[in-house]
Each structure stands twice: as structure tokens, then as C-alpha cells.
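Predicted, not measured: the structure shown is a model, and the values here were computed from it. Per chain, numbering begins at 1; letters A, B, ... match sequence-line order.
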Amino acid sequence: MNVDHRVIALIDMDCFYVQVEQRLQPEFLGKPCGVAQYYTWKGGGLIAVNYEARDFGVKRGMRGEQAKELCPDFHVFHVQEVNGKANLTRYRDASADVFRVLNANYKLVEKASIDEAYVDLTEDIQRLKESPLKLTIDDFPSTHLAGFTTKTNDERIEIVNKWLKDCESDDEKRNYDLVLGAYLVEKIRKKVKEETGFFCSAGIARNKILAKLCCGFNKPRKQTILTHSDIDHVFDNTPVQKIQGLGGKAGDRVMELFKVDNMGQLRKYSLDALQASLGESNGCWLYNLVRGIETTPVSSRNLYKSISASKNFPGKTSLDTTEKVRSWCQNLAEEVFNRLEKDRAENKRRAKLLTVTCTSATNETIARSCPINEYSIDRFANDAYRILKQFNKSPSTSNIYSPAITNLGIGAGKFLDSVNSRSIADLFSKQTNKSEQIISTENTINWQEEDEDEDNEQEETITEKPPSPPVISPVKGDFFRKFQKNDEQMKTPAKIETKPSSSSSITSFFSRYTTNENSCNSIPEQSDDRYITCTKCNKPILAWDMPEHEDFHYARELQKEENKNTFQPATIIKPTKPMKRKNEKQQNDNHTLDAFINKKPKNQ
DNA sequence: CATTTTTTCCCT
DNA sequence: AGGGAAAAA
């Protein structure tokens, strides 16, 4: 029962941003609409278009003005602007409305994007089986079967009815849990509509990739089931790029390498053939997928791992003075701060790492990080600006910033629960009594001191609930993310491209840019108080990595403990990796991939 | 000059 | 840590 007897749904809100705006202004329901960011440049760029407008050929990415030409009745909603920057808060809040409903009804919900959720229904279906119920076509008002195109509702009913009959008479009842899954999804979608006002579509299948794929087959306001027996037929008509993870360069490479354009054509390739070109992990993943097998679990995570704000400054609008850069640091810092504060209140956690990203007019992107010691707009803005100063090539006497910045972003991540994970770990580990030296340095992550009163309470209650066991992920379905291009024959001479040599990388790297203003106080030299010595392994660990590092030790201990008692039956995973032992796996992968990448000749 | 703004995950 | 791919509205 481990193989793939799960039932997974992918729920996707229909043209979500448009629905959010229409909920606020219902008079636009039923009319062709879209949501655009900004408006001065050709009426803004559309990031969402509803189905009424799509009938006129309006597409995402178009300009508001262009949409008007195609569809004179088209209405453009504009994303809220704060300090001259698009602000997506309204949609994040609406997203939270949706997830409140999903989470209230199901335990295993994974937020896949602002408007998409995976739900693992397997257990709910088992429960449902205990009290049998008689389902009729009326329980499936918006359900379709993948692989069958129906023009009319009567046709749809005929198909679905036949399928329901088949499932009942099927002795093994292999498909019956998909029936129940579709039934549950009809119900949850109705509930979402009732409680949020939003319509959605859904796909129901035995794994995430298939659920995601078939969700797109009937939209909007419909759901589609993909049964095991229909997979071959569906894959014969599924372009490679339609598969999640293969929509970009990876998919192009697969098509080129194996001379295929749809998924079905990949069936004729052996596991070895796929692995030879794609590596052990990717080859295995694809081999199984083509046969309808994919084991990536639905993880129950609702919270963002990072919060960021960024803005493009294209062409003439690029940030070419220190004042502009300073000022936008302030604006972005303000947005990040506001969202971070809200997140702290709601989720009792704090971000520990601030990351500044910027793209220069030379089209080079850099990202640099520094620890967050204190939540404040000015701290974020100052830290960001101090980092950016390092990359300004103009003399400090000038107010010119060069090369000018065409994209600037500030983000925060590495969240740490205010209910400190370290104290939890300590409570459960053997030597409880020496946790004090972990956070002792002044310059490290001492935000705790401000919150002492509330922390005291929390520590008491901790003993009550044991920490959720570390999820040791099984053969995590890997995607194809290992393809890069190296075709920078461009005229842009690769600047100072003297790789930050392997040695003292950070120091040497910055030293190249500190011609003026070497008073970069918050990014200290190598007399590093950013490092803390781990008491468990005696290795120097970056301060902001310490909590994770601690978790690592903790998880390891737990695992040791568990291995004493239970024996792990080696992951039962299907007909996967036969030969190929662990012996040179790494070398093998790298080798084939390198050859693979370098081989690519045509790339204009 | 111009889809833009996010977010996550993988590779090195 | 930092760069980049992929995906979504």
C-alpha cells in the first residue's frame, strides 16, 4: 500500500487576482477584466486575465492598452501602489482566506503558490469508506474525466456515469478511492466558494504531478480526474513542457535529447537510457513518471519561507544616483518591515537573515546577505544600502551610482520560531545544562532579550507537546534543475570576473570594492564574531546558521534513537533503480551532466 | 527601455 | 553563501 495508493488533489483558484478584485467590486462579475501592475507605461502590464477576456485573445503579459484594442469592454483593475511600488498585500490576504478554509477541513495541505494548494486526501478517503454512501452523478456536478473531451453537459454526464458504474463493478475497486476523492473535492470547492466567494478548479489523481497536470484540462470552475488506466492515452497527448518542472530549459533538453515532443514517446526509453543522460535521480524520476508513478509527498506547510519586496527600474528609470538607491532601499525596507511585523504577530517567528539583490545595467545580478539583529525600517534600509555601496564604482565624492541598478530587492528569511527550537531541542537532548554558550556573543542573534516576559510562559508549556518529529523525506522526487547555459559571448566584457577565489572568499571579495569608504562596519573582517563554535561538533558555524545546525544535531540524535527500536524497511519504491549501486553516483551524475550541458550547440 | 513581482528549490 | 531555473498571478 506504499506504492501509489494515494489520492491527491491540486486546487487552483481561477484567475485569482481578478476574482479578488471582483469580490471587492461585484459589478464587474461576468465582464472581461484583468489585473495590471502600474499604468503609465501603455496601460500597465497584465498579470491576470479572466476567462471572459481570454475569449477575446487577451493574455497575461499584455499591456492594458493592447487588451483594450482586442476587447473594447475590457476593464483593467490596477494593483495597489504604495510609495510608487506595486503592493500585492490584497492578494496575499485573500489567499489566506482560502487557506483558512482548506486548513480547517484537511490536515495535509501544501501551499504551492499564492492560489494553489495540494491536498493529500488518502486518509480522509479511508475514513469515508468506513461509512459507505451511495453516490450518484448529482454528487459530481463539475467533474470531468481526463482523456475525454465533452462538448455538452449531457455528454459529460454520460461519461462520468459510465465511469461510476465501472468503478462499482470493478472487483478490485482500484478506482473507487478516486471517486471518493472527487466527491470530497467537489465538496471542498463548494465550501471555498461559500466561505470566500472564489471559484476554483481542481485535478484529482494519484500523485502531485498528475493532479497538477489534469487540473488544467477543464477550467474554470471544474475538476478533472486522471485515472491510472487513462495515463498512457493522456501522456500520448501531453507536450513535455506541460509537466511541472519541465516547462523551461530542462524540458527543452529532454525533447532534444530523446527526440520527443510528448510524454508518451518517453515510454520507450529504458531506465538506463534516461539515467545515462539525466543522471540517476532525474532519470529515475522521469522513468517512473512516464508510467504514472511519482512519489513526492504533500508536505503540510503553510508559512512562507521568505518575504521579499523588489522592483524593476528598466531603461531610463534605472537607479543611477546614490540618492535614488538610498531612497528605494528605504521604500523596500518599509514594505518588508511591515510584512515581517505582521508575520511575527501571526506566526510567532522572526527572520534572521536579510538579503539584498540587485541587477545592474550590465545585466549582472548579485545577492548579498547580512544578519538581522533588530526589526526596524532604518536598520533594514541601512544594511541594504551599506551592502550596495560596495558595488558602486563611482568615486565617493560623486553622487552618481554606477553601474546603474535595474532591479533592486530586499528580502528576509531564515525564520526562527519565537518558541525557540533550540530550547525544545535542549529539553529532549541528554545534556540539557549547557545551552548558554551557544548564544553568548554580543553581536549575534540576541533578539530574545526584548521578549523575555512572553518567552517565560512558553517554556512552561513546551513540555506538554513534543516537537513534531523531523520529517525524514523519502526518495524525494527530484526535478530537473541542473541545467545552465554558458553562452555569454555577448559583447559585455565580463567585468571584474576574477572569481572570488576559493580561499578567504568574503574578505578578498569585498576588498576589491572597498576603494572608498572602507568603514563597512557591519560586515566585519575575519576576526569573525559571526562565527560561533558548535558545542556538539566543535566546528565554527555562522551565527545565523546555528539554529539549523542545532536542528541537524537534534534530528540526528532522534534518528539514532529510532534506529535502535525500529528497522527501516528499505523504501519500497517501485521498479526503480535496479543496478547502479551507490558507487560513483556523484561522479557519474556530474560527468554526464557536464557533457550534456557543454554539448548543447544551438542556442541563439 | 519595459511584463513584473514574488517564491521555492537546486547546484556549486 | 550566492547564482539561477522554474513557476505563478
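When the nucleotides B:dT6, C:dA9, B:dA2 are ranked by their closest atom to the side chain of A:Thr317, B:dA2 comes out on top. Taking the side chain of A:Gln244 as heavy atoms from C-beta on, and the options C:dA6, C:dA8, B:dT3, the nearest nucleotide is C:dA8. Checked against C:dG2, C:dA8, B:dT4, the side chain of A:Arg368 finds its nearest nucleotide in C:dG2. Distances were taken from every side-chain heavy atom of A:Arg63 (C-beta onward) to each of B:dA2, B:dT6, C:dA9; the shortest belongs to B:dA2. When each of B:dT7, B:dT5, C:dG2 is scored by its nearest atom to the side-chain atoms of A:Ala86, the top-ranked nucleotide is B:dT5. Checked against C:dA8, B:dT6, B:dT4, the side chain of A:Ile47 finds its nearest nucleotide in B:dT4. The side chain of A:Leu88 has B:dT5 as its nearest neighbour among C:dA8, B:dT5, C:dA6.
The side chain of A:Arg92 contributes no N or O atom lying less than 4.0 Å from OP1 or OP2 of C:dA9. For A:Lys242, no side-chain nitrogen or oxygen approaches OP1 or OP2 of C:dA7 to under 4.0 Å. OP1 or OP2 of B:dT7 lies within a sub-4.0 Å distance of a side-chain N or O belonging to A:Ser308. Between A:Lys316 and B:dC1 there is no side-chain N or O to OP1 or OP2 distance below 4.0 Å. Side-chain nitrogen and oxygen atoms of A:Tyr17 include none within less than 4.0 Å of the OP1 or OP2 phosphate oxygen of B:dT5. Under 4.0 angstrom from either OP1 or OP2 of B:dT8 there lies at least one side-chain N or O belonging to A:Ser306. The phosphate of B:dT7 has neither OP1 nor OP2 within less than 4.0 Å of any side-chain N or O from A:Arg301. A:Asn312 has a side-chain polar atom (N or O) that falls below the 4.0 Å cut-off from OP1 or OP2 of B:dT5.
Using cut-offs of 30° and 60° for the angle between ring planes, the A:His75 and A:Phe28 rings count as parallel. Ring geometry, A:Tyr17 versus A:Tyr91: the interplanar angle falls under 30°, so the pair is classed parallel (tilted spans 30 to 60°).
Residue A:Ile243 is in sugar-phosphate contact alone, with no base atom involved, counting any heavy-atom pair closer than 4.0 Å across all strands shown. Within 4.0 Å (heavy atoms only), A:Ala309 reaches sugar-phosphate atoms of the nucleic acid but no base atom. Among the heavy atoms of the strands, none lies under 4.0 Å from A:Arg90. Looking at heavy-atom distances under 4.0 Å, A:Glu110 makes no contact with the nucleic acid at all. Nucleic acid contact for A:Lys111: none, since no nucleic acid atom lies under 4.0 Å from a heavy atom of the residue. At a threshold of 4.0 angstrom between heavy atoms, the contacts of A:Asp12 are confined to the sugar-phosphate backbone, with no base atom among them. A:Gly61 comes within 4.0 angstrom of a base, heavy atoms only. Heavy atoms of A:Tyr304 sit under 4.0 angstrom from primed sugar atoms or phosphate atoms, though from no base atom. Residue-level contact check: A:Lys311 touches the backbone only, with heavy atoms under 4.0 Å from sugar-phosphate atoms and none from bases.
Base pairing of B:dC11 is made with C:dG2, judged by Watson-Crick or G-U wobble geometry with both donor-acceptor distances under 3.5 Å.
In this structure, A:Glu256 does not pair ionically with A:Arg253, as no charged nitrogen and carboxylate oxygen lie closer than 4.0 Å. By the 4.0 Å N-to-carboxylate-O rule, A:Asp252 lies too far from A:Lys249 to be salt-bridged with it. At a threshold of 4.0 Å, the pair A:Arg90-A:Asp93 does not count as salt-bridged, since none of the basic side-chain nitrogens sits closer than that to a carboxylate oxygen. Ion pairing of A:Asp14 with A:Lys219 is absent here, as no side-chain N (NZ or NE/NH1/NH2) approaches a carboxylate O to less than 4.0 Å.
Nucleotides B:dT3 and C:dA7 are separated by 15 Å at their C1' atoms, to the nearest Å.
The stacking criteria are not both satisfied for A:Phe16 over the base of C:dA9, which would need a centre-to-centre distance under 5.5 angstrom and an angle between ring planes under 30 degrees.
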